[in-house]
Amino acid sequence: MRTGKNGDVYQLVAPAPDGGVLLQRLDRGGAPAGTAQIVPGSHFAALAQSVEAEERPRWVWQRTTDWYPRLLAAGVEVQRCHDLTLSAAILAHSAFVAGSGYTPSIPLGSPLDEPDSGRSGWPGQHQDALFEARTPGVDADEAVAELGAQLGAVSGSPRRQRLALLLAAESAGALAAAEMRRSGVPWDAEVHDALLVERLGPRPRGTARPALLEAKAAELRGLLASPHLNPDSPQELLRALHRAGIETNSTRAWELRKFTHPAVAPLLEYKKMARLLAANGWSWLETWVSEGRFRPEYVVGGVVTGRWASRGGGAMQIPAEVRSAARALPGHRLVVADASQLEPRVLAALAGDEAMAGAARGRDLYAGIAAAGFGGDRAQAKVALLGAIYGATTGESGRLMPQLARLYPQAVALVEQAARDGERGLAVTTHLGRSTPPPSPRWLASQRTTSAQEQHRADAIARDRGRFTRNFVVQGTAAEWAECWMADLRGRLRRIRSRGHRAELVYFLHDEVVIHAEESVAEDCAAAVQDAAQTAGRLLFHHAPVEFPLSVAVVESYDHAK
DNA sequence: GGATGGGGCGCG
DNA sequence: AAAGCGCGCCCCATCC
């Protein structure tokens with residue numbers, strides 16, 4: 001991706017008075033080189049375009065979400081950036097810079113209060129206004145100082161390479177997130193509407209239940225002999241269930257499935273239909289799909305572990321039921337790729353567990369582990385391993401732990417150590433250097449207990465934190481792998497586009513990406529996504545003998561993948 | 001009337 | 001099939 005010796009030049013972007021934009025070239029140490037330029041907002045995009053084409057700098061800005069959506073709207077795509085806020089959030093807690101004296105000098109903010117939230121944040125009509133009337137951020141001097149502090153903290157770290165990779169990946173992720181929001185997932189509203197009609201009945205006026213849902217409610221009222229029951233009210237529903245002799249403690253689907261009463265099946269169907277209507281029904285379609293695209297907003301760094309969150313439209317919970325509406329345009333394909341059993345593989349690599357890496361050498365890691373020590377029982381192997389990663393102590397998973405520990409002592413020791421550290425209030429850290437935030441006030445308060453009863457409670461709180469830190473190292477490192485994967489893929493897709501073809505990332509979900517591409521380059525994209533996975537594995541773990549296989553499908557609609 | 005918390009369920 | 005991680009978002013019930 002590097003494009004020559006200018007690759008390490010930084011280009012600062014900061015707000016200037018009167019709605020202008022300040023541009024300042026910085027050397028590779030982050031120090032100003034030459035004089036700053038102040039340009040009117042209306043000239044910024046054109047200037048940025050030429051700087052990007054000539055120098056390919058690393059753009060430095062307080063927040064990618066402040067600037068990049070507007071650049072994209074003006075037709076400017078950039079290759080690389082350094083997002084000061086995302087980087088500060090990582091460095092603020094990272095154990096890899098502990099003792100460096102680094103403290104963020106810019107507001108970290110909550111990832112949830114972005115200036116660009118809401119769909120109105122997408123301009124396009126008034127080019128001149130693109131870079132004006134924005135929320136003022138830190139000024140150029142403050143940004144330069146913060147960049148210097150960050151670069152200093154990284155270069156002084158015993159883990160400087162890993163940290164630098166993490167900051168680069170996170171910043172590249174921010175670029176990809178803005179680009180994906182611009183592109184959106186191609187969404188066929190007619191297909192979606194048709195499946196809603198089939199499942200729920202025609203769209204009703206107002207807030208009435210659709211006919212098939214109402215019919216299901218009526219059936220339920222009959223079977224439970226509760227003529228006025230509103231099945232949407234858990235309290236009413238629970239009382240009605242009890243009256244009918246169904247002694248359940250909750251209205252959860254998996255609890256209800258234990259009972260054989262004739263009302264159970266219709267109730268589960270009702271819940272499924274009601275959920276579809278509420279979460280992905282016609283109002284979802286109206287709110288989140290426009291011009292044939294579903295445009296969610298990704299929140300990079302929105303999850304403590306480093307995973308992305310999303311805002312609006314439940315982008316990361318698109319149910320299987322409606323995925324048939326995600327369709328490639330005519331002459332195009334969706335290239336859907338997901339990393340197979342990413343978290344267990346990451347654990348094997350993290351722990352340097354050769355035995356587990358060996359079991360992971362095939363396509364199906366769980367089958368490999370089952371063959372190695374669970375009598376070929378794949379389901380058992382999976383439960384045991386997921387239990388180790390999530391911290392299960394009871395049930396089948398808990399019982400299988402000793403067996404797993406005998407097979408893979410190094411991998412199990414790693415997650416056990418993370419759990420013990422967390423219980424004691426210590427921080428744990430991912431492979432590239434994202435550390436847990438300090439213990440919660442709740443945990444701290446639990447340390448000051450006296451009575452036996454309070455101690456019991458305190459132990460429970462400690463165990464809660466242990467499960468969190470246990471999972472953090474694995475989930476967080478998996479998120480790093482995925483972000484590196486996507487960042488590298490992004491560069492490869494750009495090269496495919498430069499040959500004159502359409503190929504863009506349109507969706508990202510923890511360990512899965514979707515590319516929308518012209519049919520003629522779909523196979524090139526499939527190859528690119530594989531190559532990017534190899535690169536990600538090497539970037540994080542060098543030549544550790546762990547494979548990260550993908551399943552890749554070239555399809556017309558999302559539901560046809562895997 | 002709006003804010004908040006819990007139950008529930010979708011995704012990984 | 002089920003009890004253990006991370007989320008977003010729906011509805012309802014309750015509080016202010």
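Side chains are part of it too, since the values below use all heavy atoms of this structure and drop only hydrogens, waters and symmetry mates.
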Handout entry: C/dC5 OP1/OP2 closer than 4.0 Å to side-chain N/O of A/Arg467
Key =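 Looking at the OP1 and OP2 atoms of C/dC5, one of them is under 4.0 Å from a side-chain N or O of A/Arg467.
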
Separation of atom [atom1] in [X] from atom [atom2] in [N], rounded to whole Å:
X: A/Ile389; N: C/dC5; atom1: CD1; atom2: P; result: 13 Å
X: A/Asn230; N: C/dA13; atom1: CG; atom2: C1'; result: 12 Å
X: A/Tyr390; N: C/dC5; atom1: OH; atom2: C1'; result: 6 Å
X: A/Leu386; N: C/dG6; atom1: CG; atom2: P; result: 15 Å
X: A/Arg252; N: C/dA1; atom1: CZ; atom2: C1'; result: 16 Å
X: A/Gln475; N: C/dC7; atom1: CD; atom2: C1'; result: 8 Å

Please tabulate, for side-chain N and O atoms in residues 458-477 of chain A, each donor-acceptor pair with protein atoms closer than 3.5 Å (sequence neighbours left out).
{"residue": "A/Asp459", "atom": "OD1", "partner": "A/Gln455", "partner atom": "NE2", "Å": "2.9"}
{"residue": "A/Asp464", "atom": "OD1", "partner": "A/Arg467", "partner atom": "NH2", "Å": "2.5"}
{"residue": "A/Arg465", "atom": "NH1", "partner": "A/Gly422", "partner atom": "O", "Å": "2.9"}
{"residue": "A/Arg465", "atom": "NH1", "partner": "A/Leu426", "partner atom": "O", "Å": "3.0"}
{"residue": "A/Arg465", "atom": "NH2", "partner": "A/Pro437", "partner atom": "O", "Å": "3.4"}
{"residue": "A/Thr469", "atom": "OG1", "partner": "A/Ala418", "partner atom": "O", "Å": "2.8"}
{"residue": "A/Thr469", "atom": "OG1", "partner": "A/Arg465", "partner atom": "O", "Å": "3.2"}
{"residue": "A/Thr469", "atom": "OG1", "partner": "A/Gly466", "partner atom": "O", "Å": "3.1"}
{"residue": "A/Arg470", "atom": "NH1", "partner": "A/Ala388", "partner atom": "O", "Å": "2.9"}
{"residue": "A/Arg470", "atom": "NH1", "partner": "A/Glu416", "partner atom": "OE2", "Å": "3.4"}
{"residue": "A/Arg470", "atom": "NH2", "partner": "A/Glu416", "partner atom": "OE2", "Å": "3.2"}
{"residue": "A/Asn471", "atom": "OD1", "partner": "A/Gln475", "partner atom": "NE2", "Å": "3.0"}
{"residue": "A/Asn471", "atom": "ND2", "partner": "A/Ile389", "partner atom": "O", "Å": "3.4"}
{"residue": "A/Gln475", "atom": "OE1", "partner": "A/Thr305", "partner atom": "OG1", "Å": "2.7"}
{"residue": "A/Thr477", "atom": "OG1", "partner": "A/His431", "partner atom": "N", "Å": "3.2"}
{"residue": "A/Thr477", "atom": "OG1", "partner": "A/Val473", "partner atom": "O", "Å": "2.6"}

Just to be sure I understand the rule, does [X] reach a base, reach only the sugar-phosphate, or reach nothing, if contact means heavy atoms closer than 4.0 Å?
X: A/Gly398; value: nothing
X: A/Glu321; value: nothing
X: A/Ser250; value: sugar-phosphate

Practice task
Indicate the atoms forming the closest heavy-atom contact of A/Ser435 with A/His93, along with that distance.
Solution key: CB-O, 3.3 Å

Practice task
Only stems of 3 or more consecutive Watson-Crick or G-U pairs count here, both distances under 3.5 Å; name the ones for DNA chain C, or none.
Solution key: B:1-12 with C:5-16

Handout entry: Interface with DNA chain B, restricted to residues 408-434 of chain A and to heavy atoms under 4.0 Å
Key =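 Output list: empty, so none.
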
Problem - Start and end of the DNA chain B segment that chain A contacts, any atom under 4.0 Å from a heavy atom - result: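 Going 5' to 3' along DNA chain B, contacts run B/dG8 to B/dG12.
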
Handout entry: Near-strand residues of residues 209-221 of chain A, defined as heavy-atom separation under 4.0 angstrom from DNA chain C
Key =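 Contacts with DNA chain C under 4.0 Å: none.
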
Handout entry: Interface residues of residues 267-283 of chain A with DNA chain C (non-hydrogen, below 4.0 angstrom)
Key =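 Residues of residues 267-283 of chain A under 4.0 Å from DNA chain C: A/Arg275, A/Ala278.
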
